[in-house]
Protein chains: 2
Amino acid sequence: MQDELPACPVETTLLLISDKWKVLILRDLLGGTLRFGELRRSLGSVSQKVLTANLRQMEHDGLVHRKVYPEVPPRVEYSLTETGKSLRPVIEAMRDWGSNYQAERAA
Amino acid sequence: MQDELPACPVETTLLLISDKWKVLILRDLLGGTLRFGELRRSLGSVSQKVLTANLRQMEHDGLVHRKVYPEVPPRVEYSLTETGKSLRPVIEAMRDWGSNYQAERAA
DNA sequence: CAGGATCCCAGATGATACTG
DNA sequence: CAGTATCATCTGGGATCCTG
């Protein structure tokens with residue numbers, strides 16, 4: 001995405017994962033490798049264009065690995081790089097907090 | 001913000017803090033109470049309108065507390081509610097990760 | 001199946017002016 | 001000082017069509 005990183009670490013993280021779908025892409029790829037179509041469905045309702053764009057950025061940022069199989073019909077698998085996997089604590093923290101918030105609301 | 005929460009905890013969290021400035025507002029208010037103007041300056045370059053809108057949503061969502069002093073000139077202080085403070089682990093996780101990412105990039 | 005190329009839009013953000 | 005009110009802008013996102 002950008003190649004100039006903000007000085008603030010929090011802003012740096014925001015720059016890389018603050019788009020609407022990136023966090024959800026991480027959530028799903030943390031479960032393991034997925035094909036483009038599988039990922040698309042697991043996300044809910046992303047358009048191809050947007051999903052592709054997000055994945056390309058994440059690949060460029062070193063978060064996602066893209067593996068193309070020279071087959072017909074085409075097959076492309078996405079997985080997290082080590083850097084991508086290292087975001088797990090962030091996603092988990094969000095999951096935990098969201099879970100508690102939902103519970104509070106129910107009460 | 002919304003009153004209907006998504007089923008997924010991660011999405012719930014996203015719904016509440018995914019706006020451009022909210023995470024940074026949290027980052028700064030985690031350091032303690034701030035006046036409107038102070039918060040504005042510490043964020044960098046938000047417009048009043050946007051900052052106000054974000055704070056109002058966060059107040060509605062129970063993350064931020066707004067205290068108005070009946071003085072002239074006006075004085076309004078913002079602080080985090082307990083629910084807001086409970087987001088600290090999320091922000092910290094982002095800070096840690098961003099910090100490491102910056103280091104990796106430098107190398 | 002994966003994704004490139006276009007056209008289009010809403011909603012978030014920004015800039016400015018005004019006020020209790 | 002901390003807003004409110006408007007108007008202008010911009011871009012992420014969506015819908016559709018096409019293709020190797």
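Throughout, a chain's letter reflects where its sequence line sits, starting with A, and its residues are numbered from 1.
A distance of 4.5 Å separates CD1 in Ile25(A) from CG in Asn54(A), rounded to the nearest 0.5 Å. Atom CG in Leu80(B) sits 4.5 Å away from atom CG in Leu29(B) (nearest 0.5 Å).
Looking at heavy atoms from C-beta onward, Tyr101(A) lies in side-chain contact with Leu5(B) at the 4.5 angstrom threshold. In this structure the side chain of Asn100(A) never reaches within 4.5 angstrom of the side chain of Ser86(B), judged on heavy atoms. Residues Met58(B) and Leu26(B) form a side-chain contact, since some pair of their non-hydrogen atoms from C-beta on lies under 4.5 Å apart.
Nucleotide dA12(C) holds its P atom 16 Å from the CG atom of Leu55(B), rounded to whole Å. In this structure, the NZ atom of Lys22(B) is 11 Å from the C1' atom of dA12(C), given to the nearest Å. Computed from coordinates, the Asp19(A) CG to dC10(D) P distance equals 19 Å when rounded to whole Å. In this structure, the CG atom of Leu24(A) is 15 Å from the C1' atom of dG12(D), given to the nearest Å. Spacing between atom CZ of Arg56(B) and atom P of dA5(D) amounts to 11 Å, rounded to whole angstrom units. At whole-Å resolution of the value, CD in Glu77(A) and P in dC1(C) are 15 Å apart. Rounded to whole angstrom, the span from the CG atom of Leu51(B) across to the P atom of dT16(C) amounts to 18 Å. The CG atom of Leu14(B) sits 15 Å away from the C1' atom of dG13(D) (whole-angstrom rounding).
The residue Lys49(B) sits close to a base: some heavy atom pair falls under 4.0 Å. Nucleic acid contact for Arg40(A): none, since no nucleic acid atom lies under 4.0 Å from a heavy atom of the residue. Across all strands shown, Tyr69(A) has no heavy atoms under 4.0 Å from either base or sugar-phosphate atoms.
Distances from the side chain of Phe36(A) to the nucleotides dA2(D), dG14(D), dA2(C) place dA2(C) closest. The side chain of Trp21(A) approaches dG13(D) more closely than any other nucleotide in the set dA2(C), dG3(D), dG13(D). Proximity note for Gln48(B) (side chain, C-beta onward) versus dT4(D), dG14(D), dC1(C): the nearest is dT4(D). Checked against dG13(D), dG3(C), dG14(C), the side chain of Asn54(A) finds its nearest nucleotide in dG13(D).
Under 4.0 angstrom from either OP1 or OP2 of dG3(C) there lies at least one side-chain N or O belonging to Arg66(A). Residue Arg35(B) places no side-chain N or O under 4.0 Å from the OP1 or OP2 atom of dC1(D). Checking the phosphate oxygens (OP1, OP2) of dG3(D), a side-chain nitrogen or oxygen of Tyr78(B) falls inside 4.0 Å. Within the structure, every side-chain polar atom (N or O) of Lys20(B) is placed at least 4.0 Å from both OP1 and OP2 of dG12(D). An OP1 or OP2 oxygen of dA2(D) is reached within less than 4.0 angstrom by no side-chain nitrogen or oxygen of Arg41(B).
Between Pro73(A) and Val50(A), the residue whose closest nucleotide on DNA chain D is further toward the 5' end is Val50(A).
In terms of modelled atom types and a separation under 3.5 Å, the side chain of Thr33(A) and the main chain of Ser79(A) share no donor-acceptor contact.
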